[in-house]
Amino acid sequence: MQNGIFQLARPQNEHSMNFATGCPEREALLSEVKRQREKVVEIPLVIGGKEVYTGRTVDVVEPHRHGNRIATLHLGGEAELRRAVDAACAAADDWAALPWEDRAAVFMKAADLLAGPYRFQVEAATMVGQSKNLWEAEIDVCELCDFLRFNAYFLQEIYRNQPGITPGAINRIEYRPLEGFVAALTPFNFTSIGGNLACAPAVAGNVAVWKPSTTATLSNYFFMRILQEAGLPDGVINFVPSRGVDFSRFVITDPRLAGFHFTGSTEVFNSVWREVGSHIERYHSYPRLVGETGGKDFIFADSSASVDALVSGMIRAAFSYAGQKCSAASRAYIPASLWPAVREKLHESMREVYAGDILDPHAFCNAVIDRAAFDRIRACLEDAAASPEAEIVEGGGTDDSVGYFIQPTVIRAMDPRYKTMVEEMFGPVLTVFVYEDKEQDEALRLCDTSTKYGLTGAVYAQDRAAVLKISRALSQAAGNFYINEKPTGAVVGQQPFGGSRASGTNDKAGSATNMMRWVSQRSVKEVLVPDTDVLLPHMK
Ligand code: NAD
C-alpha cells in the first residue's frame, strides 16, 4: 500500500574535496591507488545478476605505466550478448511495475555508497585505469553522484507534468518506460558517463545492456558492483565488456532495441545510426537514438580580453586530463594586437605544465589513454613540426617508454583550416590562429564554419558590445557556451551538457530533456458519466 505522495528534494551537487597536501583524504586515496596498482582484478561480465567468465580475455594496463597490468577482462561474444538482451527483457516487467520511488531509492542509495564507502575505490580505479590525477578523479566521481541524484529528481518533475482538467473527465499522462531494452555504449574518458548512460534510462523503468570501454572497465566494474549492493534487481542492467563490432551486430540489431544511449566518437555514433537505419523494418518500435559525440571546442578572444584570464582558460581547458575531455579547448582565435602578450604569458605559464605519472603531485596532466591515441597524436605533432602551415610554439615532446606521455603542446597555425584547427585529436594540443583585429568578422565566420562540430566554446572579452557580438555570431557553434570562463567543467544541474551539429543530439546529460527520451507517454482520458446519446445536438 502506498498511501502517500512522496517527494525528492532538489539535490545539492556532491561536494568535491580539494586534497590539499597533508589532508587525511589525500593519504587514504593515494594508499588505495598504491594498493590497486599492485593487484590484478579479474573482471567478469554481469548478466542477469550473475558473474560470467568467458576465458576470452584482454589485459587492462595503466596508461602511464603500460608495463603494469591492473585487470584481466573477460569479453562477451555473440552468446553472452544475446543472453544479456534476454536477461534484460526478462527483468523488464517487474522493474517497470516497481513504484517509481523504489526505483529511485536504488540509485539514491548507489550515489550515497559511491560518495561514501566506495569513493576512494572508484576514484583510485579511475586514476589507475584512465590516467587521471586525484582532482580529475574526484570531480568525475562527484559527477556520477550528481547524475544519479538529479536523474531521479528530474524524472519526478516529468511525472508531475500532467494535463489540464476537462469537466466531467479525468485526464492523465502515464510516463511508461520504452518497450524493449536500452543499449548503453560508453566511452573511456569519464567514469561518470560510463555509469550514467545505463542508469538514466533505468531509473525511468527501462532495462539496459551496458558495454563499457575496455580502458575504463576497472572503475566501471566497481560501479556495477555498487549498483548491485544498492539493490538493483538482477537483469535490470547487464554489464557486457565486449568488442564494439560484436555489440553492434548482436545487440543493436535485436528487434527489441528500444533506445540507444551513447557517448563517444562521432564515427561510432554514425555507424550505429546507419546500422539501426538499415534494419529499421525489424524493430518493434523506432529506437530512440541519443548520442553525445566529438568536438573541436574553441576559445575566441576579443582585443579587450584580459590576457591573464585568457591564458589561464587556454591552459586549463586544453591540457586538463591531457585534453581528453570532450569539452577540451583545442583551437583558439587570438587577435594580432593581443598575441605578443598572450605568447609571452603562455610561455611563462607553460614552464610549470607537464605530463607525468598519476602519483607526481606537480604533473598538470597524465598519460593519454592508449597506444592508438599516442600514435595518432604523435603523428599530428610530427606533421606540424614539418609543415610550413604550422609552428610548434610550446611543447611538442612525446615519450612512450614507460607510459603514453604527450607533453602539453601549443601549435600556431598559419592556415585557419590547418588539420589541427579543424579535426578532433583528443590530446593535450591547442592550436592557435592569430587573426588581424580588423578581420574579426571573418575570424568569427571561420570559427563557426570550419569544423563540423558544435559542442563547447568560450569568448574572452571585457567590452560588453564585443561579448554580445561574438555570442550572437557563434550561437550555433556550441551547445555549451562560456563568457570569460574556460569551456570545460560543466556541472550537472547547473550547465546541462551537450552539443549539436556533429557533436550529438544535444539531449543534455543529467537533465530533464535527457530523461524525456527514456519515457513514452500514454494519454489517458476517463469519462465519469459516459454520454449515451447517438446523435449530436445539432442533428436533433
Ligand atoms: P569511441 O567512439 O572510440 O568509443 C566509445 C564506445 O564505443 C566504446 O565502448 C568503444 O569500445 C565502442 N566502439 C568502438 N568502436 C565501435 C564500433 N565500431 N562499433 C560499436 N562500438 C564501438 O570513443 P572514446 O575513444 O571512448 O571516447 C572519446 C570520444 O568520445 C571523443 O570523440 C570525445 O569527443 C567523445 N566524447 C564526447 C562527449 C560528449 O558529451 N559530447 C563526452 C565524452 C567523450
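Start at 1 and go down the list; that is how both ligands and their atoms are numbered. Keep in mind it's a predicted model, so treat the numbers as computed, not measured.
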Ignoring hydrogens, what is the shortest heavy-atom contact between F181 and A88? Give both atom names and the distance. CB-CB, 4.3 Å

Would F298 and F300 count as a ring pair (Phe, Tyr, Trp, His ring centres under 6.0 Å) here? Give the steps. CA-CA 6 Å; F298 61 84; F300 195 99; 7.6 Å; no

Within-shell test, F247 vs ligand 1, heavy atom, strictly < 4.0 Å: no

Find the distance between CG (L81) and NZ (K211) and round it off to the nearest 0.5 Å. 9.5 Å

Considering only protein heavy atoms, which is closest to atom 28 (C) of ligand 1, and at what distance to one decimal place? F426 CE2, 3.5 Å

Should we count OH of Y286 as having more than 12 external heavy atoms under 6.0 Å? no

Provide the number and element of each atom of ligand 1 under 4.0 Å from a heavy atom of S248. 19 (N), 20 (C)

Scanning both residues in full, the closest heavy-atom pair of I252 with V276 reads CG2-CG2, 3.7 Å

A student comparing S330, A373, S327, C326 should find that the heavy atom closest to atom 38 (C) of ligand 1 comes from C326

For N189, take its heavy atoms, then give the atoms of ligand 1 lying under 4.0 Å from any of them. 43 (C), 44 (C)

Nearest protein heavy atom to atom 18 (N) of ligand 1, by residue and atom, and its distance? V245 CG1, 4.1 Å

In terms of atom number and element, which parts of ligand 1 are under 4.0 angstrom from non-hydrogen atoms of S213? 9 (O)

Sorted by chain and number, sequence neighbours left out, side chain to side chain donor-acceptor pair (under 3.5 Å) with R10 holds for none

Nearest heavy atom to atom 35 (C) of ligand 1, choosing from G264, S503, A490, S242, belongs to G264

Kindly give the heavy-atom pair with the smallest separation between C380 and K419, and that separation in Å. SG-CE, 3.9 Å

Which of the atoms in ligand 1, numbered in the order shown and given with their element, are less than 4.0 Å from a heavy-atom of L455? 41 (N)

Answer with side chain, backbone, both or neither: which part of E424 has a heavy atom less than 4.0 angstrom from an atom of ligand 1? side chain

Is ligand 1 under 4.0 Å from a heavy atom in the side chain of F190, in the backbone, in both, or in neither? neither

Looking at E78 and R83, does any basic side-chain N land under 4.0 Å from a carboxylate oxygen? no

Check ion pair D357-R37 (N to O, under 4.0 angstrom): yes

Identity and separation of the nearest protein heavy atom to atom 7 (O) of ligand 1: L185 CG, 3.6 Å

Please identify each residue that fulfils ring pair (Phe, Tyr, Trp, His ring centres under 6.0 Å) with F107, with sequence neighbours left out. none

Do any nitrogen or oxygen atoms of S265 lie less than 3.5 angstrom from nitrogen or oxygen atoms of ligand 1? yes

For ligand 1, which atoms sit closer than 4.0 Å to a heavy atom of P187? 26 (O), 27 (O)

Run down the list T456, N506, T186, V268 and name the one with the heavy atom closest to atom 8 (C) of ligand 1. T186

Less than 4.5 Å apart, any side-chain heavy atom of I369 and any of Y404? no

Heavy-atom protein neighbour under 4.0 angstrom from atom 11 (O) of ligand 1: yes

Within the 4.0 Å heavy-atom shell around I193, which atoms of ligand 1 are there? 42 (C), 43 (C)

Looking only at protein heavy atoms, identify the closest one to atom 20 (C) of ligand 1 and say how far it is in Å. G244 O, 3.1 Å

Evaluate E14 against R149 for salt bridge (charged side-chain N to carboxylate O under 4.0 Å, His left out), listing each step before the verdict. CA-CA 9 Å; E14 178 63 26; R149 295 170 178 147; 2.8 Å; yes

Other residues, nucleotides and ligands only: do more than 12 of their heavy atoms fall within 6.0 Å of CD on E157? yes

Please could you name the atoms of ligand 1 that G294 approaches to less than 4.0 Å, counting only its heavy atoms? 32 (O), 34 (O)

I need the nearest protein heavy-atom contact for atom 37 (C) of ligand 1: residue, atom name and distance, please. T293 O, 2.9 Å

Of all the atoms in ligand 1, which lie at a distance below 4.0 Å from a heavy atom belonging to K211? 9 (O), 10 (C), 11 (O), 12 (C)

N/O separation below 3.5 Å, F188 to ligand 1: yes

At under 4.0 Å between heavy atoms, which part of F497 makes contact with ligand 1: side chain, backbone, both or neither? side chain

R249 atom CZ, neighbour heavy-atom count above 12 within 6.0 Å: no

